[in-house]
Amino acid sequence: MTPTTYQAFYCYDSKLSMHLRNKGFTCLTIAKNRQTNNIFSLYVRDEALNEELKKYNESLA
């Protein structure tokens, strides 16, 4: 098995994370930042995720 490289998206916003999961994006893990104790969800950053993040941010404006 060869390792693959990817960009990660650390999501610290629970509402955004729920939105992404509802849109079919797979959350790799949910963890706690050791330094800040804040909980984050980890996603693979790809073009589809970037587009959905753009749409989500535009809907907030």
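As a basis for the values below, the full set of heavy atoms in this structure was taken, side chains included, without hydrogen atoms, waters or symmetry mates.
F9 and V44 fall into different hydrophobic clusters, where Ile, Leu, Val, Met, Phe, Trp and Tyr residues are linked whenever their side-chain heavy atoms come under 4.5 Å apart, directly or through other members. Clustering ILVMFWY residues whenever any of their side-chain heavy atoms sit less than 4.5 angstrom apart, transitively, puts L60 in a cluster other than the one holding M18.
The side chain to side chain donor-acceptor pair (under 3.5 Å) search around S17 returns R21, S41, Y43, not counting sequence neighbours. Qualifying side chain to side chain donor-acceptor pair (under 3.5 Å) partners for N33, counting only residues two or more places apart in sequence or in other chains: Y12.
Remark: side-chain polar atoms of T36 are paired, donor with acceptor, to backbone N or O of N38 under 3.5 angstrom.
Taking OH of Y6 as the reference point, atom CG of D46 lies at 12.0 Å (rounded to 0.5 Å). Considering CG of L42 and SG of C11, their distance stands at 10.0 Å, rounded to 0.5 Å. Here the straight-line distance linking atom CG of L53 with atom CG of N57 works out to 6.5 Å at 0.5 Å rounding. Once rounded to the nearest 0.5 Å, the distance linking CG of D13 with CD1 of I39 reads 13.0 Å.
Sequence neighbours left out, the pairs with a member in residues 13-33 that pass ring-ring contact (aromatic ring centres under 6.0 Å, His included) are H19-Y56.
Within a 6.0 Å sphere centred on CD of Q7, other residues, nucleotides and ligands contribute 12 heavy atoms or fewer.
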